[in-house]
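What follows is a set of notes on a single structure, which appears directly below.
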Amino acid sequence: MDAETTKRPLRSDARASRETLLAAARELVAEDGLDSLTVVAVARRAGLNRSTAYQHFRKREDLVDAVGALCARELRARFCQQRELGEQIDFFTHHFQQNPDIARIWMFHLLHDDDAVAKPGWDEYVTALERLAESPRSQDGIDAEMLCVIGMTSALVWSLMVRQRTAGEDEARAETARFARELQRLFLHGALRPEAWPELGAELETSRD
């Protein structure tokens, strides 16, 4: 296939097949990690034949990159949505809990020292916390990048850990709410000026009752 052909937009049926394959790939990653991801396995999960899958992804690496790029686009779009800090923490801890494939993709790229699709949404996350660190509502001397590491890695690891310590989706959501509250508390008393965030303090007090 030449370069001109690869740039042509996909027909609606081809686009639908690709989206179905990527959705199936994310399910497999969430369940078993990227080591189990193959074009054949994804085709089987998607209910499509192998030739259709290979038309979109010639080799496993193409599939891995496509899944990583999809998660990156999704996270960037999520970070662009305006939320209060407490709401943002709550949203992303639950989002990662419901999409453990994101954590597994991060781990895969970190372990393979691969920056091509690694750290989806990372730059947007750092920028957001840099703005927070510069705010008069925050404490002085915050290292925004390290604060990002603490927040992001803990939330991603939790998204995998919660699956091992809960018996079902309702319990997982309840435990994730507990995790989100403590992460909010760490931010409130470790990086922010609590007196400048009375609404977050009040919310945490209410949730403890």
Check: Closest heavy-atom contact between T93 and A180?
Finding: OG1-CB, 3.3 Å
Checklist line | Point-to-point distance, once rounded to the nearest 0.5 Å, from CG of D13 to OG1 of T52 | finding: 9.5 Å
Check: Can we say E19 and R15 salt-bridge, meaning some charged N sits less than 4.0 Å from an Asp/Glu carboxylate O?
Finding: no
Notebook entry, point to check: Mind checking whether T206 and E203 have side chains closer than 4.5 Å, heavy atoms only?
Noted result: no
Check: Looking at CZ of R73 and CG of L70, how far apart are the two atoms once the value is rounded to the nearest 0.5 Å?
Finding: 5.5 Å
Pair up each side-chain donor or acceptor in residues 140-152 with any protein partner under 3.5 Å, not counting sequence neighbours, and list the distances.
| residue | atom | partner | partner atom | Å |
| --- | --- | --- | --- | --- |
| D140 | OD1 | R193 | NH2 | 3.3 |
| D143 | OD1 | E145 | N | 3.4 |
| D143 | OD1 | M146 | N | 3.3 |

Next item on the list: Report the C-alpha separation of Y125 and R78 in whole Å, then their side-chain angles, then the decisive distance to 0.1 Å, and conclude whether the side chain to side chain contact (heavy atoms under 4.5 Å, CB included) test is met.
Entry: CA-CA 10 Å; Y125 180 42; R78 302 292 188 191; over 6 Å; no
Note to self: If I take atom CH2 from residue W106 and atom CG from residue L160, how far apart are they, to the nearest 0.5 angstrom?
What the structure shows: 13.0 Å
Next item on the list: Please round to the nearest 0.5 Å and tell me the distance separating atom CD1 of I89 and atom CD of E84.
Entry: 11.5 Å
Notebook entry, point to check: Just how far is it from atom OG of S138 to atom CH2 of W197, taken to the nearest 0.5 Å?
Noted result: 6.5 Å
Notebook entry, point to check: Looking at side-chain heavy atoms only, is the closest gap between L75 and F92 below 4.5 Å?
Noted result: yes
Notebook entry, point to check: Salt bridge check: are R178 and E175 linked by an N-O gap of less than 4.0 Å?
Noted result: yes
Notebook entry, point to check: How far apart are the closest heavy atoms of S159 and V162, and which atoms are they?
Noted result: O-CG1, 3.6 Å
Item checked: From R131 atom CZ to E134 atom CD, the distance as rounded to the nearest 0.5 Å -> 9.0 Å
Margin query: Going by side-chain contact (heavy atoms from CB on, under 4.5 Å), name the residues that satisfy it together with A177, two or more places apart in sequence or in a different chain.
Written below: H94, R181
Item checked: Counterpart residues, side-chain contact (heavy atoms from CB on, under 4.5 Å), relative to Q82 (two or more places apart) -> none
Margin query: Quick check on R137: does its CZ atom have over 12 non-hydrogen neighbours (other residues, nucleotides or ligands) under 6.0 Å away?
Written below: yes
Notebook entry, point to check: Among D90, L188, L132, which one satisfies side chain to side chain contact (heavy atoms under 4.5 Å, CB included) with L85?
Noted result: L132
Check: Looking at side-chain heavy atoms only, is the closest gap between R26 and L22 below 4.5 Å?
Finding: no
Check: With sequence neighbours left out, what residues match H95 under ring-ring contact (aromatic ring centres under 6.0 Å, His included)?
Finding: F91
Note to self: Does this structure show an ion pair linking D62 with K59, if we count only N-O contacts that are shorter than 4.0 Å?
What the structure shows: yes
Notebook entry, point to check: Which atom pair, heavy atoms only, marks the closest approach of H56 to S17?
Noted result: NE2-CB, 3.7 Å
Checklist line | Contact check, side chains of Q97 and R163, non-hydrogen atoms, under 4.5 Å | finding: no
Using a 3.5 Å cut-off and no angle test, enumerate the donor-acceptor pairs between side-chain atoms of residues 38-48 and protein atoms at least two apart in sequence or in another chain.
| residue | atom | partner | partner atom | Å |
| --- | --- | --- | --- | --- |
| T38 | OG1 | A41 | N | 3.0 |
| R45 | NH1 | E27 | OE1 | 2.9 |
| R45 | NH1 | E31 | OE2 | 3.2 |
| R45 | NH2 | E31 | OE1 | 2.9 |

Next item on the list: Check step by step if side-chain hydrogen bond (donor to acceptor under 3.5 Å, both in side chains) holds for Q184 and Q88.
Entry: CA-CA 10 Å; Q184 289 167 348; Q88 190 83 301; over 6 Å; no
Notebook entry, point to check: With a 4.5 Å limit on heavy-atom distance, are the side chains of F96 and D101 in contact?
Noted result: no
Margin query: If I compare all heavy atoms of C71 with all of I102, which pair ends up nearest, and what's the gap?
Written below: SG-CG1, 4.0 Å
Checklist line | Validation row: L28, R104 side chains within 4.5 angstrom (heavy atoms) | finding: no
Margin query: Using the ring-ring contact (aromatic ring centres under 6.0 Å, His included) criterion, which residues pair with F179? Sequence neighbours excluded.
Written below: W158
